[in-house]
Chemist: 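For reference, the structure I am asking about is given below.
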Amino acid sequence: MSAIVDLVLGIVTSIGGFVEVGSISTAAQAGSEFGFQLLWAIAAATLMLAMLVEMSGRLAAVSKRSVAAAVRERFGIHFQVVPLTAEFLIDILLLAAEIGGAAIGVKLLTGVGFQWWVLPIGLAAWLVLWQCGFSIIEYGLGLLGLVTLSFVVSAYQLQPNTGDLAKALLPSLPDHHYTRYAFLAVSILGATVSPYLLNFYASGSIEEKLTEPELWVNRTTAYLGMCFGGVVSMGVLVTSAMVLQPRHILVDSYEQAALMFVPAFGRWAVGLFAAALGVGCFGAAVELALNAGYTFAQVFGWSWGANRPRPDAARFTAAFTFVLIAALAIGLFGFDPLRLTMLSVALTVVIMPAVVLPFLVLMNDRKYVKEHTSTAIGNALLAALTVLACVLAIVVIPLELVGG
């Protein structure tokens with residue numbers, strides 16, 4: 001019974017951390033500029049993430065190691081230091097963008113400039129991390145994140161043509177701005193397959209004491225949960241396509257994106273968009289900071305765990321505190337959260353090969369997964385994803401310069 005409860009909560013709360021500043025911004029821009037055409041990119045990225053998340057959970061359940069700890073042990077610190085440093089810097093930028101997104105949500109509700117809310121939101125995130133165990137962080141914030149289902153409700157009320165939606169799930173070429181289209185497709189991948197989600201999920205599986213007999217729970221949670229979040233991202237794109245594109249409104253600020261809710265929700269539109277943006281971004285900010293503590297502690301062999309008393313894991317606590325302070329420093333210097341988001345997701349694509357490649361080894365090493373190694377089909381898909389990640393890592397910066 002406990003496994004069933006965990007399964008249901010895991011699927012429902014998968015929205016937390018999935019639907020955040022990156023997925024909202026890329027989907028809203030894609031919809032406003034290209035209509036339904038980039039739905040396939042969200043679908044493909046969601047399936048890629050689900051596959052990697054399932055592997056992360058399987059690794060954790062069998063070996064009792066997170067992704068970061070297993071990579072450190074199997075490949076050594078010399079292999080890990082460059083991608084670890086790059087991921088650390090990207091996570092700080094993304095964390096600053098998440099805090100900025102949450103601050104804009106509060107600004108839309110209060111009318112007070114978002115810069116005034118950066119510090120209070122950062123402090124609130126730290127207090128959650130200081131006071132709460134993993135279950136409250138994951139399930140509590142995840143349940144609050146259900147407000148983002150308003151994107152799905154909005155898309156449903158707008159009654160899009162199902163034939164057009166189905167057609168958009170197949171890749172196609174645009175009739176204008178090819179480089180912009182390609183950049184947004186790659187950015188959707190970077191916003192969806194975020195490296196921190198993989199280690200966070202594995203660490204959470206260890207915190208929740210996932211066991212080998214419960215691998216079916218992990219598999220179901222990974223695929224259904226990620227697809228649940230993917231549907232919400234599709235709701236963002238569809239709503240943007242049906243409301244903003246016909247009016248030729250390009251999303252270069254979150255205030256403009258809020259207009260997509262007006263036809264469906266009327267006078268509640270701005271408030272509901274603000275709540276969806278604010279809660280989604282705040283939940284992702286807490287998870288990002290917590291994962292920074294996880295990663296540093298796991299790589300350097302420190303005590304860690306959101307369920308541990310904070311004084312008993314002082315260096316773990318110091319790590320997530322430092323990352324929050326660094327992100328807040330960026331926020332206090334002033335920045336455009338939307339631009340920072342797009343830069344962060346582009347840089348995420350650059351380091352993706354180093355994130356994906358270790359799975360090819362770890363998921364076929366019986367020391368870590370015993371008899372639960374990947375199948376031939378799983379290995380083929382992972383190899384294809386690795387090659388794709390390498391290609392995208394090469395082209396994303398030129399696309400950012402030309403089409404960003």
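Residues take their numbers from the sequence shown, with the count starting at 1.
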Chemist: Glu207: which residues meet the salt bridge (charged side-chain N to carboxylate O under 4.0 Å, His left out) condition with it, sequence neighbours left out?
Modeler: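 Scan of Glu207 (salt bridge (charged side-chain N to carboxylate O under 4.0 Å, His left out), adjacent residues dropped) gives none.
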
Chemist: Counting C-beta onward and ignoring hydrogens, is there a side-chain heavy-atom pair between Phe359 and Asn379 closer than 4.5 Å?
Modeler: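 Not touching, per the 4.5 Å side-chain cut-off.
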
Chemist: Calculate, to the nearest 0.5 Å, the distance between atoms CD and CZ belonging to Glu287 and Phe282 respectively.
Modeler: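 Here the interatomic distance stands at 11.0 Å.
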
Chemist: Give me the atom names and distance for the closest heavy-atom approach of Arg366 to Glu371.
Modeler: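 Minimum heavy-atom contact is NH1-CA, 3.3 Å.
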
Chemist: Between Asp164 and Pro160 (side chain of the first, backbone of the second, donor and acceptor by atom type, cut-off under 3.5 Å), is there such a pair?
Modeler: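 No, because the side chain of Asp164 does not come within donor-acceptor range (under 3.5 Å) of the backbone of Pro160.
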
Chemist: Distance check, rounded to the nearest 0.5 Å: Ile188 atom CD1 versus Thr46 atom OG1?
Modeler: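 Going from the CD1 atom of Ile188 to the OG1 atom of Thr46 covers 9.5 Å.
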
Chemist: Is the number of heavy atoms from other residues, nucleotides or ligands under 6.0 Å of His176 NE2 greater than 12?
Modeler: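 Yes - once you tally the heavy atoms of other residues, nucleotides and ligands closer than 6.0 Å, there are more than 12.
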
Chemist: Start with the C-alpha distance between Val323 and Asp91, add both sets of side-chain angles, then the distance that settles side chain to side chain contact (heavy atoms under 4.5 Å, CB included), and finish with yes or no.
Modeler: CA-CA 8 Å; Val323 169; Asp91 283 352; 5.6 Å; no

Chemist: Measure across Ile24 and Val236 and return the closest heavy-atom pair with its distance rounded to 0.1 Å.
Modeler: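 What the structure gives for the nearest pair is O-CG1, 3.7 Å.
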
Chemist: Looking only at heavy atoms, which two atoms of Asn307 and Phe134 are closest? And how far apart?
Modeler: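 Closest approach of Asn307 to Phe134, heavy atoms only: OD1-N, 2.9 Å.
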
Chemist: Going by heavy atoms in the side chains, are Thr317 and Trp130 under 4.5 Å from each other?
Modeler: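 Yes. Closest side-chain heavy atoms under 4.5 Å.
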
Chemist: For a side chain to side chain contact (heavy atoms under 4.5 Å, CB included) check, start with the C-alpha distance between Glu255 and Lys107, then their side-chain angles and the critical distance, and finish with the verdict.
Modeler: CA-CA 10 Å; Glu255 290 83 354; Lys107 173 197 170 184; 2.8 Å; yes

Chemist: Lys64: which residues meet the salt bridge (charged side-chain N to carboxylate O under 4.0 Å, His left out) condition with it, sequence neighbours left out?
Modeler: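 Residues passing salt bridge (charged side-chain N to carboxylate O under 4.0 Å, His left out) with Lys64: none at all.
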
Chemist: Indicate yes or no for a side-chain donor-acceptor contact from Arg74 to the backbone of Asp365 under 3.5 Å, with no hydrogens or angles considered.
Modeler: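 Checking the backbone N and O of Asp365 against the side chain of Arg74, no donor-acceptor pair under 3.5 Å is found.
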
Chemist: Side chains of Val238 and Leu158, heavy atoms from C-beta outward: is any pair under 4.5 Å?
Modeler: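 Not in contact.
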
Chemist: How long is the span from the OG1 atom in Thr373 to the CZ atom in Arg58, to the nearest 0.5 Å?
Modeler: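 Rounded to the nearest 0.5 Å, the OG1-CZ separation comes to 7.5 Å.
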
Chemist: I want to know whether Phe296 and Phe320 have ring centres closer than 6.0 Å.
Modeler: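 No.
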
Chemist: Should Ser303 and Arg315 count as side-chain neighbours, where that means a heavy-atom distance under 4.5 Å?
Modeler: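 Sidechains of Arg315 and Ser303: no contact.
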
Chemist: Determine the minimum heavy-atom distance between Ser23 and Ser233, stating which atoms define it.
Modeler: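 Smallest heavy-atom distance, with atoms named: CB-OG, 3.6 Å.
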
Chemist: Would you call Ser56 and Asn199 a side-chain contact if the rule is heavy atoms closer than 4.5 Å?
Modeler: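 Result no, sub-4.5 Å side-chain heavy-atom pair not found.
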
Chemist: Quick check on side chain to side chain contact (heavy atoms under 4.5 Å, CB included): which of Leu198, Val387, Thr386 does Val356 satisfy it with?
Modeler: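 Running side chain to side chain contact (heavy atoms under 4.5 Å, CB included) over Leu198, Val387, Thr386 with Val356 returns exactly one hit, Thr386.
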
Chemist: Could you give all pairs that pass the side-chain hydrogen bond (donor to acceptor under 3.5 Å, both in side chains) test and reach residues 25-43, with sequence neighbours left out?
Modeler: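 Qualifying pairs, neighbours excluded: Gln29-Arg180, Glu33-Arg180, Gln37-Ser172, Trp40-Tyr181.
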
Chemist: Between Thr192 (side chain only) and Leu189 (backbone N and O only), is there a donor and an acceptor less than 3.5 Å apart?
Modeler: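 Checked: no pair found.
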
Chemist: Quick check: do Trp116 and Thr110 have side-chain heavy atoms less than 4.5 Å from each other?
Modeler: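 No, their side chains stay 4.5 Å or more apart.
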
Chemist: Apply side chain to side chain contact (heavy atoms under 4.5 Å, CB included) to the pair Tyr201 and Thr221, showing each step before the final yes or no.
Modeler: CA-CA 11 Å; Tyr201 184 87; Thr221 302; 3.9 Å; yes

Chemist: Does Tyr156 OH have over 12 foreign heavy atoms under 6.0 Å away?
Modeler: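 No - once you tally the heavy atoms of other residues, nucleotides and ligands closer than 6.0 Å, there are 12 at most.
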
Chemist: Using atom types as modelled and distance alone, determine if a side-chain donor or acceptor of Arg65 lies under 3.5 Å from a backbone N or O of Ala61.
Modeler: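 The answer is no, because no donor-acceptor pair under 3.5 Å joins these two groups.
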
Chemist: If you round to the nearest 0.5 Å, how far is CD1 of Ile249 from CE of Met260?
Modeler: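 Answer for the CE-CD1 pair, Met260 versus Ile249, is 10.0 Å.
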
Chemist: Look at the side chain of Gln256 and the backbone N and O of Asp252, then say whether any donor-acceptor pair between them is shorter than 3.5 Å.
Modeler: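 It does hold such a pair.
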
Chemist: With a 6.0 Å cut-off on the ring centroids, do Phe34 and His177 count as close?
Modeler: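 Ring-ring flag for Phe34/His177: false, centres at least 6.0 Å apart.
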
Chemist: Side chains of Met352 and Leu347: closer than 4.5 Å at any heavy-atom pair?
Modeler: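 The answer is no; the side chains never approach within 4.5 Å.
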
Chemist: Rounded at 0.5 Å granularity, tell me how far CG in Leu89 sits from CG in Leu84.
Modeler: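 It is 9.5 Å, given to the nearest 0.5 Å.
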
Chemist: Measuring only between side-chain heavy atoms, which start at C-beta, is Leu362 closer than 4.5 Å to Met55?
Modeler: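 Side chain of Leu362 against side chain of Met55, heavy atoms only: no contact under 4.5 Å found.
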
Chemist: What verdict does the side chain to side chain contact (heavy atoms under 4.5 Å, CB included) test give for Met51 and Met226, after you've listed the backbone C-alpha separation in whole Å, the side-chain angles of each residue and the deciding distance to 0.1 Å?
Modeler: CA-CA 9 Å; Met51 181 175 70; Met226 295 306 106; over 6 Å; no

Chemist: Do Gln298 and Ser203 pair up side chain to side chain, a donor and an acceptor below 3.5 Å, judged on atom types alone?
Modeler: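 Yes, Ser203 and Gln298 have a side-chain donor paired with an acceptor closer than 3.5 Å.
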
Chemist: For the residue pair Phe261 and Phe151, is the inter-centroid distance of their aromatic rings smaller than 6.0 Å?
Modeler: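 Centroid separation for Phe261 and Phe151: below 6.0 Å.
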
Chemist: Closest approach of Tyr223 and Ala50, non-hydrogen atoms and distance?
Modeler: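 Taking every non-hydrogen atom into account, CD2-CB, 3.6 Å.
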
Chemist: Mind listing the closest non-hydrogen atom pair of Thr341 and Gly22 along with its distance?
Modeler: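 Answer, listing the atom of Thr341 first, then Gly22: CG2-CA, 3.6 Å.
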
Chemist: Counting heavy atoms not belonging to Ile377, are there more than 12 under 6.0 Å from its CD1?
Modeler: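 Result for CD1/Ile377: open.
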
Chemist: Mind checking the CZ-NE2 spacing from Arg72 to His78? Nearest 0.5 Å is all I need.
Modeler: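 Reported to 0.5 Å precision, the distance equals 8.5 Å.
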
Chemist: Using 30° and 60° as the class boundaries, would you call the ring planes of Tyr294 and Trp304 parallel, tilted or perpendicular?
Modeler: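 Answer is perpendicular, since the angle exceeds 60°.
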
Chemist: Is it true that a side-chain atom of Ser66 and a backbone atom of Ala69 form a donor plus acceptor pair closer than 3.5 Å?
Modeler: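 Present.
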
